[in-house]
Amino acid sequence: EAQVTQNPRYLITVTGKKLTVTCSQNMNHEYMSWYRQDPGLGLRQIYYSMNVEVTDKGDVPEGYKVSRKEKRNFPLILESPSPNQTSLYFCASSRGGNNEQFFGPGTRLTVL
Amino acid sequence: LAKTTQPISMDSYEGQEVNITCSHNNIATNDYITWYQQFPSQGPRFIIQGYKTKVTNEVASLFIPADRKSSTLSLPRVSLSDTAVYYCLVGAPVVGGGNKLTFGTGTQLKVEL
């Protein structure tokens with residue numbers, strides 16, 4: 001089954017404690033993205049990757065890092081989380097650009 | 001990047017046709033228009049994509065005028081299960097590449113009995 005998986009689905013952490021949210025897709029897609037979703041603000045792209053070792057900033061990259069060492073994986077790293085990063089995070093993949101994006105189930109992060 | 005503008009919310013009743021319009025005044029020549037549906041606490045789901053005129057699939061139609069500065073998603077005979085947020089997205093479908101994508105705030109559609 002074609003899918004995008006994210007782990008963990010729920011996470012409560014404290015300010016400053018580094019964390020990683022994993023994302024994996026099994027569709028051999030080149031393009032992968034991370035989005036955050038906050039009430040009233042819609043979906044905002046954090047980072048995207050056009051292929052292995054090729055990443056670029058989206059609209060809200062501050063406080064986040066990403067890496068793309070393998071085509072199927074695109075982890076999101078928060079080196080020093082802060083409460084304003086409390087949000088619902090989605091990973092997505094597609095063949096490229098504005099082609100149909102397949103979204104993961106989401107990760108709800110709370111930073112205390 | 002083409003910025004999109006949609007109504008924040010819309011209300012409808014079961015069985016009616018719903019039309020949601022998206023404005024994208026600075027759409028580029030290579031850009032396509034894509035619509036997604038999102039239910040609470042789920043990832044968005046692709047509905048339909050088009051470049052010009054009219055596109056229809058089993059769930060919706062997409063109308064794009066000649067100047068392509070706006071588009072209208074049409075949902076025929078909505079039901080309660082169509083209550084969701086609908087996003088319009090504009091960008092080039094570059095296979096193997098791509099740029100930043102900006103979703104916007106979406107339109108909350110509420111369908112009542």
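Throughout, a chain's letter reflects where its sequence line sits, starting with A, and its residues are numbered from 1.
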Same apolar cluster: [X] and [Y], side chain cutoff 4.5 Å:
| X | Y | answer |
| --- | --- | --- |
| Val59(B) | Ile20(B) | yes |
| Val85(B) | Tyr89(A) | no |
| Tyr64(A) | Phe103(B) | no |
| Ile46(A) | Leu11(A) | yes |
| Val60(A) | Phe74(A) | yes |

Query raised in the report: Which atoms of Arg108(A) come close to chain B, meaning under 4.5 Å heavy atom to heavy atom: side chain ones, backbone ones, both, or neither?
Result: side chain

**Report entry** Heavy-atom contact with chain B under 4.5 Å, split by part of Leu41(A)
**Finding:**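 Only the backbone of Leu41(A) comes within 4.5 Å of chain B.
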
Quick check: are there more than 12 heavy atoms from other residues, nucleotides or ligands sitting under 6.0 Å from [atom1] of [X]?
| X | atom1 | result |
| --- | --- | --- |
| Tyr13(B) | OH | no |
| Arg68(B) | CZ | yes |
| Ile8(B) | CD1 | no |

Query - Spacing of Asn99(B) atom CG and Gln45(A) atom CD [to the nearest 0.5 Å] - result: 9.5 Å

Report task. Quick one: pull up CZ in Phe103(A) and CD in Gln38(B) and give me the separation to the nearest 0.5 Å. Result -> 8.0 Å

Exercise: identify the closest heavy-atom pair between [X] and [Y]:
| X | Y | answer |
| --- | --- | --- |
| Lys57(A) | Lys100(B) | O-CD, 3.9 Å |
| Gln42(B) | Phe90(A) | O-CZ, 3.4 Å |
| Tyr36(B) | Gln101(A) | OH-N, 2.9 Å |

Report task. Check whether any side-chain N or O of Tyr32(B) sits under 3.5 Å from a backbone N or O of Asn99(A) as a donor-acceptor pair, and report yes or no. Result ->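 No.
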
Query - chain A contact via Gln108(B) - side chain, backbone, both or neither, heavy atoms under 4.5 Å - result: neither

**Report entry** Contact leader toward chain A among Gly43(B), Pro93(B), Gly106(B), where contacts are heavy-atom pairs under 4.5 Å
**Finding:**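 Highest number of heavy-atom pairs under 4.5 Å: Pro93(B).
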
Query raised in the report: Do Tyr35(A) and Leu101(B) come close enough that some side-chain heavy atom pair is under 4.5 Å?
Result: yes

**Report entry** Sub-4.5 Å side-chain heavy-atom contact between Asn98(A) and Gln49(B)
**Finding:** yes

Query raised in the report: Can Thr102(B) and Arg44(A) be said to form a side-chain contact (heavy atoms from CB on, under 4.5 Å), step by step?
Result: CA-CA 7 Å; Thr102(B) 300; Arg44(A) 294 182 292 168; over 6 Å; no

